[in-house]
Every structure is written in structure tokens, then in C-alpha cells.
Amino acid sequence: MIFISFDALFDGCYTPLHLRPSGHRCLSGWRWSTQAMADKDKLIPRSEDFNEWYNSVVLKADMADYGPVRGTMIVKPYGWALWENMQKALDGRFKATGVQNAGFPMFIPMSFLEKEAKHVEGFAPELAVVTHGGGQELAEPLVVRPTSETIIGHAYANWVQSYRDLPVLINLWNSVVRWELRTKLFLRTLEFYWQEGHTAHATAAEAAERTRMMLDVYTDFAVNEAAIPVIPGEKSAAERFAGADQTLTIEAMMGDGKALQSGTSHNLGQNFAKAFDIQYLDPNNQLQHCWTTSFGLSTRFVGAIIMTHGDDNGLVLPPRLAPYQVVMVPIYKKDEEKTAVLTATQRIAQELTAAGVRVKVDDRDNVTPGYKFNDWELRGVPARIEIGPRDLEKNSVALARRDVPGREGKQFVSQDGLAQTVQALLTEIQANLLAKATAFRDAHTYDVTSYDELKEAVQTGFARAWWAGDGAAEQKVKEETKATIRCFPINQPDGSGTCFYTGKPADKVAIFGRAY
RNA sequence: CGGGGCAUGGCGCAGCCUGGUAGCGCGCUUCAAUGGGGUUGAAGAGGUCGUGGGUUCGAAUCCCGCUGCCCCGACCA
């Protein structure tokens, strides 16, 4: 038996827990129309209530469910399959840079957290602490990891003796716990799944290079796998990771114009190396502290995919990550039709599978084809093949694309060369999603030169502005507009300008936005 | 922690004011028909009414306590 308590250790420096998250869990996403049955199952349109749309689409699309403890999430197989595809895409990229996977304990001695002052200060309010184990009170409370920098630091201190031991390049696929007050499926839950990379280097330059390298990995992943046009940039001091010298981020714009921090890469400098004595002897026999980095991307990114591409009809998943790229719906009336149609369906499914396409055959007999069309559109499957008696006669199938909803996205194509046709369509859909998301983001990003313009801009999107303010000014803007500096983009314009807030000369532009 | 609200089959709700032993829709099971954009009909299964106490011949219903949950605020890598 394990008891977890959240008080005692940080009296006064954390926020009490008796509060309620948002996350409207009752299914008020359904509309009630006693007359037309069809209305009953319809989603609240995204355009009508983005928040409600998100909550209900996550549940209805079978991505996730609420856990029994407030703020916890059950990831269902369909959502997990998407996460698995994301994991594969990321894992390959990490390994290509020399990173290896490992597993680290979930329990961390409280004393570890306390070794890095800013780190513990940042995390104390949201720690889950284990005070009992095996029926007895523990001598030292254990923290359920909110992230693993400290326990990694402890290990690396043992692992690293010589410059020949460096760099250390480790990644963990695990879950972490942060006791959040306001939760929302995928975006912010008490426990979430992610990867956290941890590296140690001999020089500051190498650590800086690594920090940037992983940012580029995330950017590449977001753009080319998820079709999300992120803005890579640097966080302001106020938004920096607790214990980092520098935090790089990829910021995405959701369909409601709000920002979502979608992945972060931190240069930890020598902060953790000094706190945990991660030292090595250099070639001159001089003892040196290492330079460390960490980087993470979580299941929150699933939320990014949902909110970037989804539409009034539900999810729209990018083909490269979608659990099913194609769903096949057989259509028949009589038994002999059924046999012939199902035979052809299986044959085509095998051809597509052999060509590397992820195919789902929906042979449910208790719902109509029309129901299946809507069902799979809600679940965001990129393409759909309908095959019926008429197709058997004409050697054709109906091929529908999710990014063009309704009948407009449907065409009849030959069964000959269908695998190639489908692959070409998937490629086109992938490109179209990225193009649409990019166009949306650009249309909702405004260059502003005055505070009034900024206030207006962040109502519907991002404001891009020259900035020379300090932390206090940034805080003031946050209080007055609810918008924060999302990042200073890596790609900066040439020259310099005037800060819209302080009127001082500024040498960099910042992206402001309201954020999740 | 401040303000507001809710708790009744798997889900969403009605019933409560004016006490008399629980009902509707969806979903689920079975059968038949239907099937190219959310399909009908018939027959079924399923509830200690959050919890503890009180009032009463009798409590889902009235009273008190407790717990949990939702919304707004504060808080938040």
C-alpha cells in the first residue's frame, strides 16, 4: 500500500488541491432533438464552441476517456495507436542522432529535487509525494517524478569519470506526474506520457548545439509528420524551464487562434552538473563540470493534432501518423452480394496492406454504411474506400478524402493500380493539411507596432512585435491581455525596430499569443 | 480558498415543490427486414435513487452532516 500526500513538505509554497479542473466532462456535446434522430449524435460544430467541440470529439472519436481520479486520463487504443506512430517517428529521429533509450525509476528522493534551487522552486507546487510504503511511513518522502533531471543527474554523476565517457545521450519513454489544478484531456492532465531526453557534454558549445539539434528534430517532426507548421523559437526568461539557462520551443497555433507549446529543448548549462557533481577529467587531467541538456515532447501533442486539423465533422488526422490511413466500407444488400463484395474488399485490403498502407475494413453488420461514413470521418481517417455491387461490375471503388468533407471529397476510381492511387492521395492530403494549417496561421498572425494593435491581435491569433521589455513588463502585458510571449522566433527579421511597449530600440521580435 | 450548481440503470435526463416503493431517450442483447451519407420494427436485460443520520405508518422526494463532481475566479513549464 502506498500513500501519497501533498502537504507537509512544502507548507505554504504550493497551491491547495481541493479545486476543480475545467474540462466539462458531461456529454453536453450532443444536441437533443426529439424529432430528428440524426441530430442526436452530431457533434457541436467546432466553429460554434471550440472548447465543447474538443471535449466531445476526444471522447466520441474514442481517443481517450476520463480516469476515476480527477484530472487523470485513460488513453484508449485508437488514441494510443496515434501516439505509437508519433513515438516511432520521434524515436527514429532521436536514434539517428546517437540517442539511446533507457528506463529510470518513477520514485525520486525528495532530497534530489532540493539540490537545484530553481528546479525545486518551480516544481514544488505540483509534486505528488509518497509518504508511505509497505504499510509504514517512509524515512524520506519520495517524489513521483514530475520530470527526471534530478535522478538522471544522480546517475550521470556515477557514469561520467572521463571526457572519454562523453557525451551521454539517453532518452526515456515514460509518464510523469504534475498535480495540475486545471486539467483537460491530452493538454494538461495529472499524469501524462512523453519522452524526455537527457544529455551530458564536455563543452558548452556541444550542449548548445544539442539543444538546437533537438529543437530542429521537433520542428521536422511537427511539420513533416504531423503537418503542423510550428514556430521554433526561444522562451523568455519568465517562461523558461525551472533550472535551465535556455529553453527552446516549438509553438503551434490551434484552430481557435490560441498557442500551444508543443515541444521543448533545454540547455541546462552546468546547473544540474554542479548540483549533482557530474564531473569529468579532461585530456589535461583537469576536473570539469559537464554541460547538460534535456528535451521533451508529450501526449499533449495529440491535442495539437486534434486542434490544428479538426473540423466541424470531427478529427482530421495527418496520413503519416493516422492509426488507419484508409477505412474500407463494404456495401451490399443480398447475401450473394455480401459474399462477392466482402471477397473483393479483402482482396483490395491485402493489396493496400502489401503496399504499406494502413487499412481498416469496417465489416460491422449492425450499422449502415452511412453511419460508418460519419463515424470514420469523426475519427479522422484520412481516406475511405466504399465498395459495392455497382463497383464490382465496373471494376471501380468510391474513394473519399477526409480533408474535403462530404460528397465533394468523393470520386470513383478504378480498382487497377488502386494502391498507387491511394498512396498518391494520402501524400496529397498530407501536403494539403500542412498548407491549410500554414495559411490559417499566417492569416491569423499580425505584425503590430502598438499596444492597442497587440491587444486586438491576440483576440484571434498571434501578434508579432519588436520587444525590448523586461520581465516585469512582460508580466504586465500578461495581466492586461492574457497573452504571453510564446517565443522569440529563431528566424528573426533583419535590422531592428522599436518596442511597442517601452518605446525603446529593440533588436528582436517576439510572438505574443494566448496559450493553452 | 471565494462564488454558483449537481449527484436517480453504461451515458444523458425526468420524477422531488405537493412523501405512497422509479420512468423516459440513447446505448446494450435477440430476431426480422434494411443497407451507395447517421435505417426500421418487435421482443428483452439492466437501478442498494452518492453516503451517514433524523422526521414519518411509509423517504429518490422533507431536515441535518459528510463525500464526490461540474462551472466561474485565483493558480499554472
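Just so it is clear, the structure is predicted and the values come from calculations on it, not from any experiment. Every chain is numbered from 1 and lettered A, B, ... according to where its sequence line falls, protein lines coming before strand lines.
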Identify whether any heavy atom of A:Thr147 sits under 4.0 Å from a base atom; if not, whether one sits that close to sugar-phosphate; answer base, sugar-phosphate or nothing.
base

For A:Phe373 and B:rG36, give me the distance from atom CZ to atom P, rounded to whole Å.
7 Å

Is a side-chain donor or acceptor of A:Arg145 paired with a backbone partner of A:Pro105 at a separation under 3.5 angstrom?
yes

Ignoring hydrogens and angles, state whether a donor on the side chain of A:Asp365 or A:Tyr332 is under 3.5 Å from an acceptor on the partner side chain.
yes

For atom NZ of A:Lys372 and atom P of B:rG37, their distance in whole Å
13 Å

Using OP1 and OP2 only, check whether a side-chain N or O of A:Arg182 sits under 4.0 Å from B:rA74.
no

Between B:rU61 and B:rG52, how far apart are the two P atoms, rounded to whole Å?
13 Å

To the nearest Å, how far apart are A:Asp335 CG and B:rA33 P?
9 Å

Measuring only the P atom in each nucleotide, how far is B:rC31 from B:rC69? A whole number of Å is fine.
42 Å

Can you see if the side chain of A:Thr368 gets near the phosphate of B:rU39 - specifically, an N or O under 4.0 Å from OP1 or OP2?
yes

Looking at every strand, decide which applies to A:Arg384 at a 4.0 Å heavy-atom threshold: base, sugar-phosphate, or nothing.
base

Using the C1' atom in both, what is the distance from B:rC16 to B:rG35, to the nearest Å?
46 Å

Expressed in angstrom and rounded to an integer, what is the separation of A:Asp363 atom CG from B:rG35 atom P?
19 Å

In whole angstroms, the gap separating P of B:rG37 from CG of A:Asp362 amounts to 15 Å

Taking atom types as modelled, find out whether A:Ser236 and A:Glu474 have a side-chain donor-acceptor pair closer than 3.5 angstrom.
yes

Identify which nucleotide among B:rG35, B:rA74, B:rG38 has an atom closest to any side-chain atom of A:Pro369, counting heavy atoms from C-beta outward.
B:rG35

Work out how far the P atom of B:rG12 is from that of B:rG4, and round it to whole angstrom.
25 Å

In whole angstroms, the gap separating P of B:rC75 from CZ of A:Phe123 amounts to 19 Å

Identify the nucleotide, in any strand shown, that forms a Watson-Crick or G-U wobble pair with B:rA42, with both distances under 3.5 Å; if there is none, say none.
B:rU30

Euclidean distance for C1', B:rG73 against B:rG54 (whole angstrom)
37 Å

Without swapping roles, check the side chain of A:Asn267 against the backbone of A:Thr293 for a donor-acceptor pair under 3.5 Å.
no

Indicate whether OP1 or OP2 belonging to B:rG36 is found under 4.0 Å from a side-chain N or O atom of A:Arg407.
no

Partner nucleotide, any strand, of B:rG73 [Watson-Crick/G-U, under 3.5 Å]:
B:rC1

Considering only the P atoms, how many Å lie between B:rA7 and B:rA14, rounded to the nearest integer?
7 Å

So what does A:Gly122 hit on the nucleic acid, given a heavy-atom distance under 4.0 Å: a base, only sugar-phosphate, or nothing?
nothing

With a 3.5 angstrom cut-off on both distances, give the Watson-Crick or G-U wobble partner of B:rA22, or none if there isn't one.
none

Pairing check on B:rA59: which nucleotide meets the Watson-Crick or G-U wobble criteria with it, both distances under 3.5 Å?
none

Of the nucleotides B:rC76, B:rG36, B:rU39, which one has an atom closest to the side chain of A:Arg188?
B:rC76

Would you indicate which nucleotide in B:rC72, B:rG35, B:rG37 comes nearest to any side-chain atom of A:Asn374?
B:rG37

Between A:Lys334 and A:Lys482, the residue closer to the 5' end of RNA chain B by nearest nucleotide is A:Lys334

Whether the side chain of A:Lys410 and the base of B:rG37 hold a donor-acceptor pair under 3.5 Å is what I'd like checked.
yes

Roughly how many Å apart are B:rU55 and B:rC71, using the P atom of each and rounding to a whole number?
38 Å

When you check the phosphate oxygens OP1 and OP2 of B:rG36, does a side-chain N or O of A:Arg390 lie under 4.0 Å from one of them?
no

Can you check the distance between B:rU8 and B:rG2, where both ends of the measurement are the P atom (answer in whole Å)?
26 Å

In Watson-Crick or G-U wobble terms, both distances under 3.5 Å, what is the partner of B:rC49?
none

Taking the inter-plane angle between the rings of A:Phe276 and A:Phe272 on a 0 to 90° scale, is it parallel (under 30°), tilted (30 to 60°) or perpendicular (over 60°)?
parallel

Between A:His266 and A:Thr247: side-chain donor-acceptor atoms closer than 3.5 Å
yes

Could you state the atom-to-atom distance from CG of A:Asn366 to P of B:rG27 in whole Å?
11 Å

So which one's nearest nucleotide on RNA chain B is more toward 5', A:Arg364 or A:Asp375?
A:Arg364

For the pair made of OH in A:Tyr66 and C1' in B:rG68, what is the distance, rounded to whole Å?
16 Å

Can you label the angle between the A:Phe94 ring and the A:Trp173 ring as parallel, tilted or perpendicular, going by 30° and 60°?
tilted

Watson-Crick or G-U wobble partner of B:rA14, both distances under 3.5 Å:
none

Answer with yes or no whether the side chains of A:Asp256 and A:Tyr516 bring together a donor and an acceptor at under 3.5 Å.
yes

